[in-house]
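Structure first, commentary second.
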Amino acid sequence: MWHIGMLFGRTEVIDNTLNPDFVRKFILDYFFEERQNLRFDLYDLDSKSDNLSKHDFLGQAFCTLGEIVGSLGSRLEKPLMDKRPVPGIPGKKCGTIIVRAEELSNCRSVMLQFCGNKLDKKDFFGKSDPFLVFYRSNEDGSYTICHKTEVVKNTLDPVWQAFKIPVRALCNGDYDRSIKVEVYDWDRDGGHDFIGEFSTSYREMSRSQSQFHIYEVIFFTHTLVLPLVLTQINFTVAIDFTASNGNPSQPTSLHYMSPYQLNDYAMALRAVGEIIQDYDSDKMFPALGFGAKLPPDGRVSHEFALNGNPQNPYCSGIEGVMEAYYQSLKSVRLYGPTHFSPVINHVARYASAVMDGSQYFILLIISDGVITDMAQTKESIVNAASLPMSIIIVGVGPAEFDEMIELDGDEERISSQGRYAERDIVQFVPFRDYIDRRGNHILSMARLAKEVLAEIPDQFLSYMRTRGIKPGPLPPPYTPCPPQAIHPLLTRRVSRI
């Protein structure tokens, strides 16, 4: 659900272009376990007024911070849509917005000053009007603009003003990360002429004992593509269909489908799923049930597909999982007992096949009470602790959850037959502890999601560290292709703060 929010910040204005590349960055606190909604509004500046109603609205886009972070290379493209006052009517597409996120490192600032010597003449009348554009390399090999200098008019030997910039903006604290600098001749119509470029790194700028460095400005076109190992999050849901939940047709049942509000199972599913799905690229989720008698023969199953297709238990998005859950309540008979090990082993089979860090599996189990295969469940968790997976258990209803608390392993690492779990992979919470007393279900779901997802990042990192798996490689120092032409030298002096 989207609400009217507060204005966080505005970019600079870029004149005369339909393809702006904004320099200004916004620093936000990121929380994996929370849904952080963002809205981007784009305007065409018509005056110097700060009142947005005085300018032409071009389009808007909605997303979450998790969507950006979870996208390939933490780069998200969204269509810009016009405003539509009528619900359900799609707005007109008004272009595309591209948003990139990167984790920041705390670093000092650096003072830089650049000057050019005998740059290329681009204007027919007069000399060039040069300016510099700085780009930080990203982990997928692409570049993000991080600074622009002022324009120095009518000269081939410009001296730009010194400027102070955080090292994190230049290279995110990685002193060997490539920094690309492009030189342009400014044109009033926005069609700036490319003069040339060079590349460096913060370490290279800091290495020399002299304050002066000289680089060739090279004119060429070159595209760099690098492989990068990224981790895909795979989310699986398992729901308790045992008879202890009560008859779904009765309001006292934990599975009761009220026309006015979600039941506890649905709230837990939506609360966790809506955050996790931002990190799953295909948004296709296996949804399982356990503890029910299935049609047509009434056999008891502890690992069945909610959509009725055991060969393909995937549902499209959280809405698809919700629909499959509701349909299962109409077709299966609640029975028992409560076995966790089959669904844990189900996910573990997939996780055991991909242990190189490219995929990580999260299993959400929602249940109402006593676990009847405790020994087998412990063994399954001990085995799964060496795999790329985490288990979230949400307890619903008024029952005591002693077994689930034991599985959590916060007080004592779980063990089975003398073997201890390699790491803590289970997080258990009773939903009742996070229900808002005033009946605000949105707040209840937000509290639950924040609590159950808080340990996932550390569990993910613990697996990567124990396996010696490191993040994908950063781009190597920039190496251009053989230049078509080499332009005169650009000099720079640098001082550190």
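All values below come from the heavy atoms of this structure, side chains included, with hydrogens, waters and symmetry mates left out. From a predicted model like this one, the values you see are computed outputs, not experimental measurements.
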- Any side-chain heavy-atom pair of Leu28 and Leu38 under 4.5 Å: yes

- Message: Does this structure show an ion pair linking Glu67 with Lys78, if we count only N-O contacts that are shorter than 4.0 Å?
- Response: yes

- Query: Are the side chain of Arg136 and the backbone N or O of Ala169 linked by a donor-acceptor pair below 3.5 Å?
  - Reply: yes

- Query: So which pairs with a foot in residues 450-460 pass side-chain hydrogen bond (donor to acceptor under 3.5 Å, both in side chains), sequence neighbours left out?
  - Reply: Glu34-Lys450, Ser390-Gln459, Glu455-Gln459

- Query: Sub-3.5 Å donor-acceptor pair from the side chain of Tyr175 to the main-chain atoms of Val167, do we have one?
  - Reply: no

- Message: Between Gln427 (side chain only) and Asp408 (backbone N and O only), is there a donor and an acceptor less than 3.5 Å apart?
- Response: no

- Matching residue for Phe235 among Tyr279, Tyr314, Phe285, Phe361 - test: ring pair (Phe, Tyr, Trp, His ring centres under 6.0 Å): Phe285

- Given Arg270 and Glu319, is the salt bridge (Lys or Arg N to Asp or Glu O under 4.0 Å) satisfied, shown in steps? CA-CA 8 Å; Arg270 186 178 289 280; Glu319 292 302 329; 2.7 Å; yes

- Any sub-3.5 Å donor-acceptor pair from Arg413's side-chain atoms to Glu422's backbone N or O? yes

- For Tyr202 and Cys171, the nearest pair of non-hydrogen atoms, with its separation, is CB-SG, 4.1 Å

- Message: Taking the ring of Phe194 and the ring of Tyr184, is the distance between their centroids below 6.0 Å?
- Response: yes

- Query: Is a side-chain donor-acceptor pair under 3.5 Å present for Ser49 with Asn51?
  - Reply: no

- Message: Would you say that Phe131 contacts Glu150 through its side chain, given a criterion of any heavy-atom pair below 4.5 Å between the two side chains?
- Response: no

- Task: Mark yes or no for whether Arg467, through its side chain, and Gly357, through its backbone, hold a donor-acceptor pair below 3.5 Å.
- Result: no

- Item | Pairwise side-chain contact, Cys94 with Leu58, heavy-atom cut-off 4.5 Å (strictly under) | no

- Task: Could you tell me whether a side-chain N or O of Tyr360 sits under 3.5 Å from a main-chain N or O of Met389, the two making a donor and an acceptor?
- Result: yes

- Message: Please check: side-chain N/O of Asn307 versus main-chain N/O of Ala287, any donor-acceptor pairing under 3.5 Å?
- Response: no

- Item | Flag, side chain of Asn154 to backbone of Lys127, donor-acceptor distance under 3.5 Å | yes

